[in-house]
Amino acid sequence: QVQLVESGGGLVHTGGSLRLSCVASGRSFGANIMGWFRQAPGKAREFVAGAAWTAGYTEYADSVKGRFTVSRNNAENTVYLQMNNLKPEDTATYLCAAARSSFYDVNVPTGTNSYDYWGQGTQVTVSS
């Protein structure tokens, strides 16, 4: 079992930045693929970014490429989402998720059904 706790959300103006963190606890964290999703009111949950255990293997939604950066610190069981140049359409609840995998798996899935554990989410609001 893995528990995920997000932090770092808040209210920013258009063009601002935020850094989200997700700390994992429970079973071994290292072999999990970590993903960030977001969900706005009345909309489906969508993939934002994800990172495999092996450094350098990441995946991004087209809508955030060039603005968001996902990274992880396996020694500290933490995954980060650096969000720059935020836009009002980025407003949503951001959720951290973990998918059971092997240390050799470098393919980051983008579907919600591929993830086994979820955090409660942190709210990001971007004002225009």
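Computed from a predicted structure; not experimentally measured. Below, each value reflects all heavy atoms present in this structure, side chains not excepted, and no hydrogens, waters or symmetry copies. Counting begins at 1 with the first residue of the sequence.
- R72 contributes atom CZ, which lies 9.0 Å from atom CG of N77 (distance to the nearest 0.5 angstrom).
- Here the closest heavy-atom approach between residue V108 and residue A52 is recorded as CG2-N, 3.7 Å.
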request  = Could you walk me through whether S63 and R38 pass side-chain contact (heavy atoms from CB on, under 4.5 Å), step by step?
outcome  = CA-CA 12 Å; S63 59; R38 66 187 181 188; 3.5 Å; yes
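- L81 CG to R19 CZ: the interatomic distance, rounded to the nearest 0.5 Å, is 10.0 Å.
- For Y57 (side chain) and D105 (main-chain N/O), no donor-acceptor pair under 3.5 Å exists by modelled atom type.
- In this view, Y115 and F37 satisfy the ring pair (Phe, Tyr, Trp, His ring centres under 6.0 Å) rule, not counting sequence neighbours.
- Between D90 and N85, the shortest heavy-atom distance links the atoms OD2-O, 4.5 Å.
- Here the straight-line distance linking atom CZ of R67 with atom CD of Q82 works out to 12.0 Å at 0.5 Å rounding.
- Atom-to-atom distance recorded for T112:OG1 and R45:CZ is 7.5 Å, nearest 0.5 angstrom.
- Side-chain atoms of N32 do not come within 3.5 Å of backbone N or O of A98 as any donor-acceptor pair.
- Under the 4.5 Å side-chain heavy-atom criterion for Ile, Leu, Val, Met, Phe, Trp and Tyr, V70 and Y117 are members of the same hydrophobic cluster.
- In this structure the side chain of L4 reaches within 4.5 angstrom of the side chain of M34, judged on heavy atoms.
- Between F68 and Y94, the ring planes are tilted. Angles from 30° to 60° get that label.
- Atom-to-atom distance recorded for Y80:OH and T69:OG1 is 14.0 Å, nearest 0.5 angstrom.
- L86 and Y60 fall within a single hydrophobic cluster, where Ile, Leu, Val, Met, Phe, Trp and Tyr are joined by side-chain heavy atoms under 4.5 Å apart, directly or via other members.
- Between E6 and L20 there is no side-chain heavy-atom pair separated by less than 4.5 Å.
- Connection of V48 to L18 is established within a shared hydrophobic cluster, with ILVMFWY side chains joined at heavy-atom distances below 4.5 Å, either directly or through further cluster members.
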Just list the side-chain donor-acceptor pairs under 3.5 Å for residues 118-128, sequence neighbours left out, or say none.
from: T122; atom 1: OG1; to: G9; atom 2: N; distance (Å): 3.2
from: Q123; atom 1: OE1; to: T93; atom 2: OG1; distance (Å): 2.9
from: Q123; atom 1: NE2; to: A92; atom 2: O; distance (Å): 3.4
from: Q123; atom 1: NE2; to: T125; atom 2: OG1; distance (Å): 3.4
from: S127; atom 1: OG; to: V12; atom 2: O; distance (Å): 3.4
from: S127; atom 1: OG; to: H13; atom 2: ND1; distance (Å): 2.9

